[in-house]
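Heads up: the structure comes next, in structure tokens.
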Amino acid sequence: MHWADVLADELLKEDKKHVLATGITPSGPIHIGNMREILTTDSVYRCLLSKGGDAELIYVADDFDHLRKVYPYLPKTYEKYVGMPISEIPCPCGKHKSYADHYLISFLNALKEIGVKPKIYRANEMYKSGKYNDSIQIALQNTEKIKEIIQKISKRELPKGWIPFNIKCEKCNRLTNTKPILYEYPIIEYKCDCGHSGEIDIKKGGVGKLPWRVDWPARWKMLNVTFEPFGKDLGTVGGARDTGKAIVDEIYDYPAPKYAVYEFIMLKGMGAMHSSKGTALSAEELLNMTPPEVLRFLIVNNQPDKHLVFDSGIGLLNLVDEYDKFERVYFEKEEAIKGMKELKKTYELSQPYDIAKTIPFQLPYRHLVTLVQIGEDWKEVKKILLRTQQIPKNLSVDDENHLKQRAEHARYWLDNFAPDMVKFEVKQKIPKVNLTKEQIKFLNSLLKNLSSITWEPENIHNAIYDSSEEDKIPIKTAFNTIYQIILGQEKGPRAGYFLSNLDKKFVIERVEQAIK
RNA sequence: GGGCCUGUAGCUCAGCUAGGUAGAGCAUCUGGCUUUUAACCAGGUGGCCAAGGGUUCGAAUCCCUUCAGGCCCGCCA
């Protein structure tokens, strides 16, 4: 059984409405690791629905959380905002309503692309509208009990006078510098390091925030959460999950949600990703280079508790190939090979939107990577594909959009992540090359042989070999020569296919120029 | 110090949530093939399933112990 089905079955043991939650603090570029949380939850959600369960998928953005420090990707001037809620800090690019929005919006766009449609909650709105008020009051009533729970389970000493509420200073706007002096419902008197003393009324929303270890369980109860996965960092003994479970049980009288612990995703050659260390690949970049179905496939095809390595180099091409193979097997165009586990479910969960009724048109991705380097844009690539009859004239709109989308991903990848090995440029003018007599001789034969053939990969391929044989020139030299005069480099894509995608006239003229 | 995960062919891994004769891809070798940015076809070689113990008629699979590796926690969230 697929892991998402196993989790869904676990939830279905209880016949009620399930709320599957996922929560990420938009304090920095949202990265591929966060995608795992989203996609893990979405997969379970989809399985639950397909089994006839009643379920809702929600996403809570904790945008009332405070800025921890000036992250490496922030200007130094952000020093003055440390400690303030990220929804109340200016946007780094100036185009969004707030710091939180800056990162959140791009993430929400990414969600759309991968076909995840959660109901969205924003913590800052929930606090300000008073949704948290009951939870806050209950927490404050149980200050001693909560303190005890946290100290016992996390083995951490909390300071004297600690209360489960971080007051936001009315003057400096920071959540981190205030100390409570006296609590008498509903008023808390406090003092802030900035020099300000004052009092707040907890019945008014947004005057402060529950600390994370209390906020989380409070949220479970408030939103009736029944399932929420989290990263291994939170799963540790004595961590937020442990204290949260005790707090939600004993203080909020609500059962802790079921969960899955997921491992991190490593970036090949870079180790684990941390948005706070700037070693992360943003969700945006990730999606720009990876077709959405392939990204889903990466997550869905692996158990959450296995760490993954995302290779933004050649490995990405292999991943796409692997996905395409799954697709062919799913549509029974090919035999399954052993090791393709849970093929049907995995393929279905990989689809951002609907599952196609018949197999989508496939063009080998590596070939597409070559094509987008020949054609300037999709229009030209399409022209080549049509001319060479690699796509049918009556290609469906869906198929064309799919191909086009993939071409865009391939292009982004080439521009930003691809190793030089796979890159080339068809030179508009003949590159400066010093050809040997041998090479010229070969080109002469090639010219003759190419002129007489129909412009198809195999014919071209044969023409190259014929020429090299006639002149007794090593085949390696033959290929090198071709790449030199067209690309200005020693190596290139498989010559037959490659040249067939170029205009015959262009190639012939280039060879003629080279001989002169 | 604590936790999670991993250990199966030279490499990457599947098989472990149904306990029932050890699998795939790559690499290698043989044969075919006109030697290309990770080419194709047919076939072959290759494993004490980390080690030890337990449960069982039967264990890669379940349980315990040990060893090795990776990551996380031990600030804040």
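Every chain is numbered from 1 and lettered A, B, ... according to where its sequence line falls, protein lines coming before strand lines. In this text the structure is predicted, and so the values were computed from the model without any measurement.
- Spacing between B:G47 and B:A38 at atom P, rounded to whole Å, works out to 31 Å.
- Within 3.5 Å, no donor on the side chain of A:H307 pairs with an acceptor on the base of B:U6, nor the reverse.
- If you take atom P in B:C71 and the same atom in B:C33, they sit 49 Å apart, rounded to whole Å.
- Taking the C1' atom of each, B:G25 and B:A14 are spaced 10 Å apart, rounded to whole Å.
- At least one donor-acceptor pair closer than 3.5 Å links the side chain of A:Q373 to the backbone N or O of A:V422.
- If you find the closest nucleotide of RNA chain B to A:A495 and to A:P211, the one lying nearer the 5' end belongs to A:A495.
- At the phosphate of B:C76, OP1 or OP2 sits under 4.0 Å from a side-chain N or O atom of A:R156.
- Rounding to the nearest 0.5 Å gives a distance of 6.5 Å between CZ of A:R366 and CD1 of A:I314.
- Searching all strands for a Watson-Crick or G-U wobble partner of B:A68 with both distances below 3.5 Å returns B:U6.
- The residue A:G239 sits apart from the nucleic acid: no heavy atom pair falls under 4.0 Å.
- Spacing of C1' atoms, B:U56 relative to B:A18, comes out at 16 Å, to the nearest Å.
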A:Y78 and A:Y71: ring-ring contact (aromatic ring centres under 6.0 Å, His included), yes or no, with the steps? CA-CA 9 Å; A:Y78 271 65; A:Y71 297 113; over 10 Å; no

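- Here the C1' atom of nucleotide B:U6 and the CG atom of A:L308 are 13 Å apart, to the nearest Å.
- Rounded to whole angstrom, the span from the CD atom of A:E458 across to the P atom of B:U36 amounts to 16 Å.
- Looking at which nucleotide of RNA chain B each of A:Y465 and A:Q489 is closest to, the 5′-most match is held by A:Y465.
- Atom pair A:L319:CG and B:G25:P shows a separation of 19 Å (rounding to whole Å applied).
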With ring-ring contact (aromatic ring centres under 6.0 Å, His included) as the criterion, how do A:Y365 and A:W413 come out once you've worked through the C-alpha distance, each side chain's angles and the decisive distance to 0.1 Å? CA-CA 12 Å; A:Y365 199 64; A:W413 178 74; 7.5 Å; no

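- Across all strands, A:F498 comes closer than 4.0 Å to no nucleic acid atom at all (heavy-atom distances).
- Shown here, B:G25 forms a base pair with B:C11; the pair counts as Watson-Crick or G-U wobble because both key distances fall under 3.5 Å.
- Across the C1' atoms, B:C16 and B:C73 are found 28 Å apart, a figure rounded to whole Å.
- For B:C49, there is no paired base (Watson-Crick or G-U wobble, both distances below 3.5 Å).
- Relative orientation of the A:Y412 and A:F417 rings is tilted, given thresholds of 30° and 60° on the angle between their planes.
- The distance between atom NZ of A:K69 and atom P of B:C76, rounded to the nearest whole Å, is 14 Å.
- For the C1' atoms, the distance from B:C62 to B:G74 is 33 Å, rounded to whole Å.
- Rounding to the nearest 0.5 Å gives a distance of 11.0 Å between CZ of A:F64 and CE of A:M84.
- The backbone N or O of A:Q439 lies less than 3.5 Å from no partner atom in the side chain of A:T481, so there is not a single donor-acceptor pair.
- Put simply, CG on A:N302 is 8 Å from P on B:A14, counting in whole angstrom units.
- For the pair A:D62 (side chain) and A:A123 (backbone), a donor-acceptor distance under 3.5 Å is absent.
- Here A:K325 does not reach the OP1 or OP2 of B:A24: none of its side-chain N or O atoms lies under 4.0 Å away.
- Whole-Å rounding puts the A:K306 NZ to B:G70 P distance at 17 Å.
- Using N1 to N3 plus N6-O4 or O6-N4 for Watson-Crick, or N1-O2 and O6-N3 for G-U wobble, each under 3.5 Å, B:U35 pairs with nothing.
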Would you tabulate the nitrogen or oxygen pairs shorter than 3.5 Å linking the protein to nucleotides 2-4 of chain B?
unit_1	atom_1	unit_2	atom_2	d
B:G2	N2	A:T236	OG1	3.2

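- Remark: P of B:C73 and CD1 of A:I150 are 18 Å apart, rounded to the nearest angstrom.
- A:I482 comes within 4.0 angstrom of nothing in the nucleic acid, heavy atoms only.
- Spacing between atom CD of A:E322 and atom C1' of B:A14 amounts to 11 Å, rounded to whole angstrom units.
- Between B:C64 and B:A42, the two C1' atoms lie 48 Å apart (nearest whole Å).
- Defined by atom type and a distance below 3.5 Å, a donor-acceptor pair is present between the side-chain atoms of A:N501 and A:Q390.
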The test is side chain to side chain contact (heavy atoms under 4.5 Å, CB included); show your working for A:S135 and A:L210 and say whether it passes. CA-CA 9 Å; A:S135 307; A:L210 293 171; 4.3 Å; yes

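- Using a 4.0 Å cut-off between a side-chain N of Lys or Arg and a carboxylate O of Asp or Glu, A:E10 and A:K13 qualify as a salt bridge.
- The closest donor-acceptor contact from the side chain of A:H18 to the backbone of A:A8 lies at 3.5 Å or more, if one exists at all.
- Taking atom C1' on both nucleotides, B:U45 is separated from B:C29 by 7 Å, rounded to a whole Å.
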Would you tabulate the pairs of protein nitrogen or oxygen atoms and nucleotide nitrogen or oxygen atoms of nucleotides 38-40 of chain B closer than 3.5 angstrom?
unit_1	atom_1	unit_2	atom_2	d
B:A39	O4'	A:R494	NH2	2.9

